[in-house]
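Below is one structure, written out as structure tokens; comments come after it.
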Amino acid sequence: MTRKFLSYSALAAAFATTAQAQTVQRDWTPYEQTKQCMISENFFNPVTRRDGSTFWHIPDDSAATTILKWHISGDQFLNEVHFTRRERFAACFNGARECGLPINNDIAWELDQLDLPGNGVSTAYFKNPPPKSAVRYAMATVGDCFGAAGEGVYLDELGLTEASLPVDICYRAGQTMFFSGERYRDEAPAMTDAQITKYGEWGALAYYLINQVQNKPDNPEVCGVAPVELMPSFMSFYDDNGYALLEGPEYIAAQEAEAKAAAKAAAEKQARENAYLRESKRKRLLARNDYERFGTLDGCQIAYSYIFGGINRDKMSFIVDPVPDSAIGWALKFEQTQAAAQDCPAMPQELGDWMAKQDPKLFEAYGAEEEFRNTKPNIWNENEWKAFVERWMWRDQTFAESYAQGGNCQAAIWYSRNIAHDWNSFNQAELDFVGLARVFERWGAPDRALCAAIPPDVLPLARKTWERQYNQVMREKARQQAEWDEANRREAARRAEINAAYDELLNWKPPYSKQTEMRCYNVEETKYGTRQRCFQ
């Protein structure tokens with residue numbers, strides 16, 4: 001418990017440091033940014049350490065962006081790169097993939113370890129900048145982002161070109177590549193399977209740049225760089241879909257006005273939803289009895305829960321006023337006494353006054369919600385499972401559906417488990433249902449119970465993706481059935497041909513022809529000559 005509380009305390013301090021730094025002009029000079037570089041300043045996430053220092057994190061784990069991160073971070077690369085990225089990057093050194101780097105199994109092994117050796121071969125290796133061959137490899141994906149290190153390497157050598165096309169075209173192509181051509185293909189420029197595979201890393205990066213970055217203040221207007229091989233297809237898509245008409249000043253002004261109105265409407269909708277969810281949660285909390293509210297917690301544990309909840313409170317929290325500094329110090333002492341099985345330390349007056357301001361009917365015990373969501377309940381009755389679903393989903397913001405083959409409930413469950421991934425666009429109800437559907441699958445709980453509480457917002461996209469998947473499955477079945485029917489037809493024709501030939505051989509008889517000439521042979525000699533006997 002101590003470690004968990006301290007980590008959240010440090011996180012609160014980090015947020016405070018970040019908030020103070022927002023007034024300072026950011027100095028962004030890791031490389032010279034050009035039009036031929038796909039990655040802009042806004043693609044990097046600033047990460048603040050406990051000591052207040054900041055480093056830049058690239059939210060994409062491809063080998064190309066990892067090499068760019070190495071170029072930017074210098075000898076601090078290993079200290080700033082996350083383990084999961086190191087683990088993927090190890091493939092560039094063990095021969096699993098070609099990244100312009102030498103095969104070195106010692107480096108590959110060290111990168112694959114959770115804790116890096118202090119003075120290993122990788123520590124010494126990464127104190128040097130990326131070799132030219134690795135820079136060349138990375139530039140084939142990210143473009144000219146390496147400044148002087150990329151001199152002498154030209155985009156046309158790498159199969160790339162500067163693209164002044166609308167970024168939407170690259171996004172559509174990247175989205176199709178990100179999903180390996182399995183989805184959104186009819187909404188993107190025409191590409192072959194070979195092209196989708198060949199430019200997959202470029203496409204994934206284009207998709208991330210436009211769709212996945214949370215802290216990007218403004219979207220780029222053009223692609224930056226794109227594969228030369230795909231430019232004819234991109235230009236055809238540009239012409240066929242009337243993009244030229246969409247770039248006039250009147251259209252742009254209308255789009256900006258529409259975007260502002262949409263942003264305002266979204267903010268108002270989010271505010272209404274937050275108010276609704278907050279009131280829904282308040283009703284749920286007020287409906288508990290004292291045992292459900294406090295359980296077996298004593299006064300010190302209740303105070304600790306208040307402090308923990310106050311430090312990590314969000315828009316759904318009912319805790320009022322910031323947590324006093326003395327309360328945080330008391331909570332740390334309480335953790336120590338709990339670990340040592342000692343008596344609870346005396347509470348400062350400031351903590352008591354702060355707790356008196358809180359509404360005990362809205363109290364939430366630390367860890368109670370996490371335990372509820374992570375522990376499989378010991379229930380077997382379907383009605384009990386439905387009650388569990390309603391409690392998880394806050395029943396009054398959802399509706400019940402029947403569990404029918406191909407119905408809305410099955411579509412929502414299938415979507416939640418197989419398609420849902422765009423977490424930033426989900427509201428609270430959608431997030432709750434997606435999490436619940438996946439938890440039920442892990443527990444082996446009955447899907448029928450999930451139909452008791454479906455958020456309305458999840459249905460339109462669920463139905464669309466379900467029907468697309470269903471239609472795709474039906475088309476595939478029809479294609480297979482057509483192939484089988486054709487194969488059966490050919491087999492039947494061949495079998496009939498063989499049978500006919502076999503019957504002809506089996507029933508063959510030599511043809512009969514009547515003899516028209518006499519067949520005779522000599523019998524004896526007489527005075528009249530030779531006597532013969534003949535057959536006709």
Side-chain angles (χ1 to χ4, degrees), residues 26-49 53-94 96-104 107-108 110-112 116 120-160 162 199-202 204-206 208-209 212-213 215-216 220 224-226:
R26 288 166 59 186
D27 183 17
W28 170 253
T29 54
Y31 57 81
E32 183 179 353
Q33 197 171 316
T34 69
K35 292 182 179 180
Q36 295 183 337
C37 174
M38 285 190 70
I39 297 180
S40 69
E41 168 190 356
N42 301 325
F43 190 54
F44 289 77
N45 289 329
V47 179
T48 305
R49 298 188 182 92
S53 60
T54 301
F55 70 90
W56 303 98
H57 168 68
I58 304 178
D60 169 47
D61 289 337
S62 68
T65 53
T66 302
I67 293 171
L68 178 60
K69 173 64 180 171
W70 176 11
H71 166 70
I72 294 169
S73 301
D75 59 6
Q76 292 300 307
F77 169 70
L78 290 181
N79 297 329
E80 295 183 357
V81 69
H82 193 270
F83 166 66
T84 56
R85 174 172 292 192
R86 280 198 283 110
E87 193 176 28
R88 292 189 180 188
F89 198 41
C92 292
F93 290 91
N94 62 17
R97 65 178 304 174
E98 172 56 47
C99 307
L101 292 163
I103 294 178
N104 189 315
I107 294 178
E110 290 182 5
L111 292 177
D112 203 26
L116 279 169
V121 291
S122 58
T123 305
Y125 184 79
F126 287 109
K127 287 185 179 296
N128 301 304
K132 194 78 171 181
S133 55
V135 171
R136 184 184 182 90
Y137 166 82
M139 287 177 64
T141 295
V142 303
D144 187 7
C145 305
F146 288 84
E151 288 183 0
V153 181
Y154 301 99
L155 291 185
D156 56 352
E157 299 175 12
L158 306 174
L160 296 179
E162 183 175 338
Y199 300 108
E201 283 204 352
W202 174 89
L205 183 57
Y208 272 119
L209 284 171
Q212 298 290 330
V213 183
N215 66 319
K216 182 170 56 180
V225 293

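By convention here, the first residue in the shown sequence is residue 1.
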Q. Given side chains that start at C-beta, do those of E201 and T65 come closer than 4.5 Å, heavy atoms only?
A.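 The answer is no, as the side chains (C-beta and beyond) never meet within the 4.5 Å cut-off.
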Q. Are the side chains of L111 and F126 in touch, meaning some heavy atoms are under 4.5 Å apart?
A.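 The answer is yes; the side chains approach within 4.5 Å.
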To check you understand the geometry: which heavy-atom pair defines the closest contact between [X] and [Y], and what is its length?
X	Y	value
C99	I67	O-CD1, 3.9 Å
L116	E110	CD2-O, 3.2 Å
F93	P102	CD2-O, 3.4 Å

Q) How long is the gap from SG on C37 to CG on L155, to the nearest 0.5 Å? A) 10.0 Å
(Q) Working to the nearest 0.5 angstrom, can you tell me the gap between L101 CG and I107 CD1? (A)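 It is 8.5 Å, given to the nearest 0.5 Å.
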Could you tabulate the donor-acceptor pairs under 3.5 Å formed by side-chain atoms of residues 130-143, not counting sequence neighbours?
unit_1: K132; atom_1: NZ; unit_2: A149; atom_2: O; d: 3.1
unit_1: K132; atom_1: NZ; unit_2: E151; atom_2: O; d: 2.6
unit_1: S133; atom_1: OG; unit_2: G100; atom_2: O; d: 2.4
unit_1: R136; atom_1: NH1; unit_2: E157; atom_2: OE1; d: 3.1
unit_1: R136; atom_1: NH2; unit_2: E157; atom_2: OE1; d: 3.3
unit_1: Y137; atom_1: OH; unit_2: R97; atom_2: NH2; d: 2.8

Q | Residues V153, L158; criterion side chain to side chain contact (heavy atoms under 4.5 Å, CB included); working and verdict | A | CA-CA 8 Å; V153 181; L158 306 174; 3.8 Å; yes
Q: Apply ring-ring contact (aromatic ring centres under 6.0 Å, His included) to Y199 and list each qualifying residue two or more places apart in sequence or on a separate chain.
A: none
(Q) Is it the case that the side chain of W70 and the backbone of N128 share a donor-acceptor pair, with hydrogens and angles ignored and the cut-off at 3.5 Å? (A) yes
Results of side-chain contact (heavy atoms from CB on, under 4.5 Å) for [X] - residues two or more places apart only:
X	answer
E98	none
T66	F77, R85, F89
I103	N105
D75	K127

Q) Parallel under 30°, tilted from 30 to 60°, perpendicular over 60°: which one fits the rings of H71 and F146? A)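 Aromatic pair H71/F146 classed tilted.
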Q.
For Y154, I'd like to know if atom OH has over 12 heavy atoms of other residues, nucleotides or ligands within 6.0 Å.
A. no
(Q) Quiz question: by atom type and distance under 3.5 Å, do the side chains of S73 and E80 form a donor-acceptor pair? (A) yes
